[in-house]
Amino acid sequence: MSTAYRPDYRYPTNGEKKALLELARAGKAPRVLCRWSANPRIVVLDPQLNPEGYTYHGMLHDPTVAPIVQSRYQEYWNTTMARTCDMVEQLPEVWDVSVEYHNVYDAAYFGAPVHYPEHQVPTAHPHLTLDDVDEFLRQDYSRPLENPYVKDMLAFREQLIAATKDFRHLGRPARVLPFTLNFDGPLTAAYMIFGEDMFVLLAAEPDKAARVLLHITDAVILRNQALLQLSGQPTVQRWGSLADDAVQLISTRMYEDLVLPAHERWYSTMSTTTPATRGRFMHCCGDGTRHFPIMSTKLGVSSFDTGFPVDHGQLRRDLGSDVYISGGPAIGMFITGTPEQLYAETRRILESGVKEGGRFGLREGNNLPPRVPLENLLAVYQACLEHGAV
């Protein structure tokens, strides 16, 4: 076992990875698994992978662009990226093409304008103020399929179907997936709609703020269930899943009193889970880990996906050994750091105590940015192979 990154390191073969993944499925993996999270921005915003200069506006509005970018991303993900983690290198027989929405979809659904900054992902600007809260609470969102944003996205999906009829990449055809949406969380959505005014409302009129959060949650439940039903999928899942990055901006008491009820509404409506079943997942970027013990005990969240900054060892001590945690080095380090620094940081995290109980997954914290040197990914993977035993 080495203590530093080695460019000549021997990484697992496809066969060795398959054997490891079989053990992991049986709950018998001998070490932490290393996997990445990414999306097509690593293609769109990397000139080497996108020499034509396809833009995000094209990705979201031009049905001829989306299949090209998404199939190119899947090719890169299943070959180059697979070699840097515990993923089997294998191209799919069919490219999955979907309606892209990124992190603007909740705001856009509630009427916020979407902007397309050059060389960046789409963004939505807050469009309401405290003066608009009462009117917002009166808005009727009971007919989600008539919402302008949803209608546009469903229409774009039909355009994608037509555009991919004869599409081929590496000789493989494409299929267009059903259009469904996730939820980035009630507080995050409220922040994208009202901006900083939402936090003023939380402090000045907490009862009204709580109503806003539940109003958003109920509207999104109707939206997501309508889209699931339209696509022929179950509207209630066996596993509860939610994100809410903006909780990092409030106190734990404010979270428990005002936001947690909206989170519980979401979990209990969109899934068959209860706090007692321990079948719930939460994604939270940023410095929100102080809320995780409450989420675990009162909501029954048993799996957390983290961003940064995170004290992984302390988080393990706070949550206990039976809660799954995924995370790793901060994403900025993947761009600015050296392989040696990434190796050392990964080893530090793995030796922090976070592996206790064998319920830790190594990844970036959180979501790989474009143009990460492959050597930095390999350095993290090597540290996992050498110091990830459980």
Side-chain angles (χ1 to χ4, degrees), residues 103-107 109-110 112 123-134 136-137 182-221 240-270 275 280-312 314-315 318-319 323 325-327 330-331 365-367:
N103 292 95
V104 298
Y105 62 102
D106 285 330
Y109 182 76
F110 291 104
T123 183
H125 294 178
H127 65 298
L128 301 181
T129 70
L130 289 175
D131 294 335
D132 303 307
V133 171
D134 290 336
F136 178 77
L137 287 170
N182 298 317
F183 186 26
D184 279 342
L187 187 57
T188 301
Y191 172 59
M192 296 182 75
I193 296 166
F194 292 98
E196 292 83 355
D197 278 4
M198 185 60 200
F199 300 103
V200 176
L201 189 68
L202 284 164
E205 297 185 75
D207 290 342
K208 184 175 286 189
R211 288 173 56 204
V212 169
L213 296 173
L214 287 172
H215 188 57
I216 290 171
T217 302
D218 289 339
V220 172
I221 286 171
S241 181
L242 182 62
D244 210 344
D245 293 345
V247 298
Q248 66 183 289
L249 301 172
I250 61 174
S251 70
T252 297
R253 180 177 177 180
M254 186 175 283
Y255 169 75
E256 186 173 5
D257 291 345
L258 304 179
V259 182
L260 185 147
H263 284 180
E264 176 56 37
R265 177 82 63 89
W266 170 266
Y267 282 124
S268 61
T269 307
M270 292 298 295
R280 294 173 172 180
F281 164 87
M282 172 64 75
H283 164 82
C284 185
C285 288
D287 191 10
T289 55
R290 64 188 179 280
H291 303 311
F292 288 8
I294 289 175
M295 292 176 175
S296 179
T297 57
K298 297 204 171 185
L299 287 175
V301 176
S302 59
S303 178
F304 289 94
D305 181 34
T306 64
F308 68 94
V310 173
D311 183 334
H312 296 85
Q314 185 60 54
L315 184 58
D318 290 342
L319 295 177
V323 173
I325 300 169
S326 67
I331 54 171
N366 169 273
N367 203 282

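Annotation for Gly307 and Asn366: closest pair CA-CB, 3.6 Å, computed over non-hydrogen atoms. Smallest separation of non-hydrogen atoms from Ile216 and Pro186: CD1-O, 4.0 Å. Nearest heavy atom pair, residue Ser296 against residue Val323, reads OG-CG2, 3.9 Å. Considering every non-hydrogen atom in both Ala124 and Val104, the closest pair reads N-CG1, 3.8 Å. Ser241 and Trp266 get closest at one heavy-atom pair: O-NE1, 2.8 Å. Scanning both residues, Thr306 and Gly327, for their nearest heavy atoms gives OG1-CA, 3.4 Å.
Under the salt bridge (Lys or Arg N to Asp or Glu O under 4.0 Å) criterion, Asp131 pairs with no residue, sequence neighbours left out. Taking the ring-ring contact (aromatic ring centres under 6.0 Å, His included) definition, one finds that Phe308 meets it with nothing, sequence neighbours left out. Evaluation of the ring-ring contact (aromatic ring centres under 6.0 Å, His included) rule for Tyr109 yields no partner, not counting sequence neighbours. Residues that satisfy the side chain to side chain donor-acceptor pair (under 3.5 Å) test with Asp311, not counting sequence neighbours, are absent from this structure. Applying the side chain to side chain contact (heavy atoms under 4.5 Å, CB included) rule to Pro293 yields the partners Asp318, Leu319; only residues at least two apart in sequence or on another chain are considered. Residues passing the side chain to side chain donor-acceptor pair (under 3.5 Å) test with Asp184, sequence neighbours excluded: Asn103, Tyr105. Remark: His125 pairs with His115 by the ring-ring contact (aromatic ring centres under 6.0 Å, His included) rule, at least two apart or across chains. The ring-ring contact (aromatic ring centres under 6.0 Å, His included) check on Phe194 picks up Phe136, with sequence neighbours excluded. For Thr129, the side chain to side chain donor-acceptor pair (under 3.5 Å) criterion is met by Asp132, not counting sequence neighbours.
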Can you give me every donor-acceptor pair (side chain of residues 246-253, partner residue at least two apart or in another chain, under 3.5 Å) with its distance?
from, atom 1, to, atom 2, distance (Å)
Gln248, OE1, Asp287, N, 3.4
Gln248, NE2, Asp245, O, 3.1
Gln248, NE2, Cys285, O, 3.4
Ser251, OG, Met254, N, 3.0
Thr252, OG1, His291, ND1, 3.3

Identify each donor-acceptor pair in which a side-chain atom of residues 196-214 lies under 3.5 Å from a protein atom, sequence neighbours left out, and give them as a table.
from, atom 1, to, atom 2, distance (Å)
Asp197, OD2, Leu130, N, 3.1
Lys208, NZ, Asp134, OD1, 2.7

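In this structure, the side chains of Asp305 and Met282 stay at 4.5 Å or more apart for every pair of heavy atoms. No side-chain heavy atom of Phe183 sits under 4.5 Å from any side-chain heavy atom of Met270.
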List the steps and the verdict of side-chain contact (heavy atoms from CB on, under 4.5 Å) for His283 and Leu242.
CA-CA 6 Å; His283 164 82; Leu242 182 62; over 6 Å; no

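How far CG of Leu187 is from OG1 of Thr217: 10.0 Å, rounded to the nearest 0.5 Å.
Residue pairs meeting the side chain to side chain donor-acceptor pair (under 3.5 Å) criterion with at least one partner in residues 254-265, sequence neighbours excluded, are Asp218-Arg265, Asp244-His263, Tyr255-His263, Glu256-Lys298, Glu264-Arg280.
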